[in-house]
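Below, read A as the first sequence line, B as the second, and so on, with proteins coming before strands; counting in each chain starts at 1.
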4 protein chains.
Amino acid sequence: MEPVRKQTAAQTSSGGRPRSPRIHQAILKAAVDLVLESGSRAISMDDIAARADVGRMTIYRRWCNKAAIIMDAFVARVDPGTLFLPARSYTESIRLQMRSMAKAFRGKDGALIRALLAEAQFDPRLAVELRDRWTMPRRKMAISYFQRGIKDGLLRSDADPDAIIDILYAPIYYRLQMGTGPLSDAYVDEIFDHAMKGLRKV
Amino acid sequence: MEPVRKQTAAQTSSGGRPRSPRIHQAILKAAVDLVLESGSRAISMDDIAARADVGRMTIYRRWCNKAAIIMDAFVARVDPGTLFLPARSYTESIRLQMRSMAKAFRGKDGALIRALLAEAQFDPRLAVELRDRWTMPRRKMAISYFQRGIKDGLLRSDADPDAIIDILYAPIYYRLQMGTGPLSDAYVDEIFDHAMKGLRKV
Amino acid sequence: MEPVRKQTAAQTSSGGRPRSPRIHQAILKAAVDLVLESGSRAISMDDIAARADVGRMTIYRRWCNKAAIIMDAFVARVDPGTLFLPARSYTESIRLQMRSMAKAFRGKDGALIRALLAEAQFDPRLAVELRDRWTMPRRKMAISYFQRGIKDGLLRSDADPDAIIDILYAPIYYRLQMGTGPLSDAYVDEIFDHAMKGLRKV
Amino acid sequence: MEPVRKQTAAQTSSGGRPRSPRIHQAILKAAVDLVLESGSRAISMDDIAARADVGRMTIYRRWCNKAAIIMDAFVARVDPGTLFLPARSYTESIRLQMRSMAKAFRGKDGALIRALLAEAQFDPRLAVELRDRWTMPRRKMAISYFQRGIKDGLLRSDADPDAIIDILYAPIYYRLQMGTGPLSDAYVDEIFDHAMKGLRKV
DNA sequence: CATTAAACGAGACGGTACGTCACGTCTTGAC
DNA sequence: GTCAAGACGTGACGTACCGTCTCGTTTAATG
């Protein structure tokens, strides 16, 4: 199972003309622009090549898939910075993080992640990439944040961090895909509040 | 925006050879079998036609899409029966319902809904169909069940049934797609329990 | 070694839409026109398809090669009628036949046969086709004509009809390809006369 | 219309590393070997470069075409020495020359000239090169030989040397390309004898 | 010797054409 | 009017070469 991204390292070693990073960026930008304009399914490799003013082979030399391009473009867009910013309280910081994610999903990132997640259902290689480069890094950060909360007695000690993540964030993905309602801050608050205090009447 | 399923009523009227229901079923079965064997992306209309031993036009006369076939096949598979079976208690019935859904998703239904949900991200018509024929009917049933629980004082009176549904069920869809872990009964229980009693340490 | 022309017989048997002979002709005409306009090397399958107002697949369904199309078009152009028309004398009929061939080679047929003969040097399948459908039929007719001349005591009894053909006709092919001079009637006469009476001074 | 061979004089002037003649030969050898192995159409510039262990640019610095390489390689192979060796008689010398040409065409030179002649049908520049560097030099030598024969009363005084050449040599090219029979000495003799004494029964 | 300028290998690059695949429509004859 | 079969126009796919370009590295003549 060959990789989705093609080894840029292929030319690290010996001679030959180096791959232009300017072209690399042009392709990523063209891909993102076109996906946001027309949807990832509606565009072809030719479209991307034409928009980036690049030969088709130049694309295939670097990526094996339309999805792989979008993946790289998406990951490059994401601010890898601190996820859980300090707030009034430990839990408020979680709420803010959820809101910022919802905000991102309402914008361009939402369209991209929708395309990637959908495409990953058909392509196992892409699924792995998505998990490794997007999902898991964020889950890991969240897990450590939640573990601190548990240790500090702010969250239930019997709670599995993985389950906490799913309860809080899965609804955001769900609405993104299902369109059962707006991905508003109010919705995020609703999810957050009920997840925190529980659904059962005490 | 023309419909995904083609009006079977097209031939309600006058004479001519009636459409064979045997063929209808053969196509649905062929489609499901092939999707489960190779994945919905890997198969073509020709493949389905060949497997069903049917002309391609016979398929296009009834559906306009590969996805539309899978949609029909999927909806036909689903037991439209009672969702929330009686159990030891009101909330236990919810847990059982979640478990039965997870079980379905672990099997063939999981593969089909994954394909449909993914395809719906690209095709708005299919998204509407999926919402109307799968998502919303189940949500409506769940909403009325949750409303009864609220009225009976078993669930918080400030809880929005839509939010309740999302907190409980979104994680199941999430795991189905993300593959961050098994869709086991233990996982369902974890989600259910924490959603019910809340994540915050009391 | 699969054939150059694709078996039209593929569909002689059972059902299915029959191949349109109108399209067949349109493709052949488009190919010939384009070859004469731009040369066989300069045109692509797409060009032919576009000119014939036809899908590319429709061409590939019938021929596997650009050359195969040109071959069919060329053979179809040729008047299969009588080669050696009656003339003042037995040998004059030969001269007239040579002249008519040179005339054809000066016109459109010349461009086509040049392309075919050249392409056949690279493609053994095409070489066989050309031999079977163009070269040999004409050689056979010529051989029988020459054999009659030998039997009637008009040509040397020690002459091999194959050699006679080559001496008379090879120069015409040679000039067509080499361009060492015009393919005029005067040239044909020169070849004919000297071949008949010999080069050595008596 | 720029030349087929690139001006080696490009570097006559000042300093810089001189072009390696060893590389020059390696390319020619690689080209010939590959053409004889696989045919001129089947091989690419990359193939030649790889076989000669040379960068592609190094080839394009010297030739502009695959055909131009083959042309140079072919011309380099040919013994430019005396064409018409002395023999028992004036005409026997012609026969021997024809035989030696047929022998060459039966071997590697045959494959090369076939490729060149075919390619020249598509590329006017190459056609000119082939005429100037192969065809015409030989024709000129032959013409002067035949003119001597005419002057000496050994050949008909009404014979055009150009026609003589065509009658004698065109059949050899014809068989080379058409494959209507072997290019044997017996065949050459047949052509020679009949061309000399004429086809018509006296 | 150090300089220098071109040759050299490698391989990226923009193109063009290829031949295949799938789509969705259409056109046969058989029922 | 449906059905199986398959032709048809369309358009994306991924590959193969082409001929040019751009790297870093030789390599020979010149200063």
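The one candidate from C:I23, C:D72, C:I69, C:L28 that meets the side-chain contact (heavy atoms from CB on, under 4.5 Å) condition with C:R62 is C:I23.
Phosphate contact (OP1/OP2 of F:dG9, side-chain N/O of C:T58, threshold under 4.0 Å): present. Between F:dC8 and C:R61, a contact under 4.0 Å exists linking OP1 or OP2 to a side-chain N or O. Look at A:S20 and you won't find any side-chain N or O under 4.0 angstrom from OP1 or OP2 of E:dA12. Considering only side-chain N and O atoms, A:R17 lies nowhere under 4.0 angstrom from the phosphate OP1 or OP2 of E:dA10. The shortest distance between the side-chain N/O atoms of A:R62 and the OP1/OP2 oxygens of E:dC13 is below 4.0 Å.
Rounded to an integer number of Å, the gap from CG of D:D46 to P of E:dG9 is 13 Å. The nearest whole Å value for the distance from the CH2 atom in A:W63 to the P atom in F:dC13 is 15 Å. Atom C1' of nucleotide F:dG11 and atom CZ of A:R41 are separated by 15 Å, given to the nearest angstrom. Straight-line distance from the CE atom of B:M45 to the P atom of F:dA7: 19 Å, rounded to whole Å. Taking atom CE of C:M57 as the reference point, atom P of E:dA22 lies 11 Å away to the nearest angstrom. Rounded to an integer number of Å, the gap from D:L34 CG to F:dC17 C1' is 15 Å. Atom C1' of nucleotide E:dC18 and atom CD1 of C:I43 are separated by 14 Å, given to the nearest angstrom. Rounding to whole angstrom units, CZ of residue C:R22 and P of E:dT27 are separated by 11 Å.
Listed candidates were F:dT15, F:dG9, E:dA22. Nearest to the side chain of B:S44 is E:dA22. Closest to the side chain of C:V54, out of F:dG9, E:dG9, F:dC13, is F:dG9. Side chain of A:P18, nearest nucleotide from F:dG14, F:dC18, F:dC23: F:dC23. Minimum atom distance to the side chain of A:Y60 is reached by F:dC13, of the listed F:dC13, F:dC3, F:dC8.
A side-chain donor-acceptor contact under 3.5 Å links A:K66 to the backbone of A:I43. Checked by atom type and distance alone, the side chain of B:Q121 pairs as donor or acceptor with a backbone atom of B:L117 at under 3.5 Å.
Mapping C:I23 and B:A52 onto DNA chain F by nearest heavy atom places B:A52 at the nucleotide closer to the 5' end.
Put simply, the side chain of D:L34 reaches to within 4.5 Å of the side chain of D:E37, judged on heavy atoms.
One can find a donor-acceptor pair under 3.5 Å joining the base of F:dG14 and the side-chain atoms of A:R56.
Taking CG of B:D53 as the reference point, atom CD1 of B:I27 lies at 11.0 Å (rounded to 0.5 Å).
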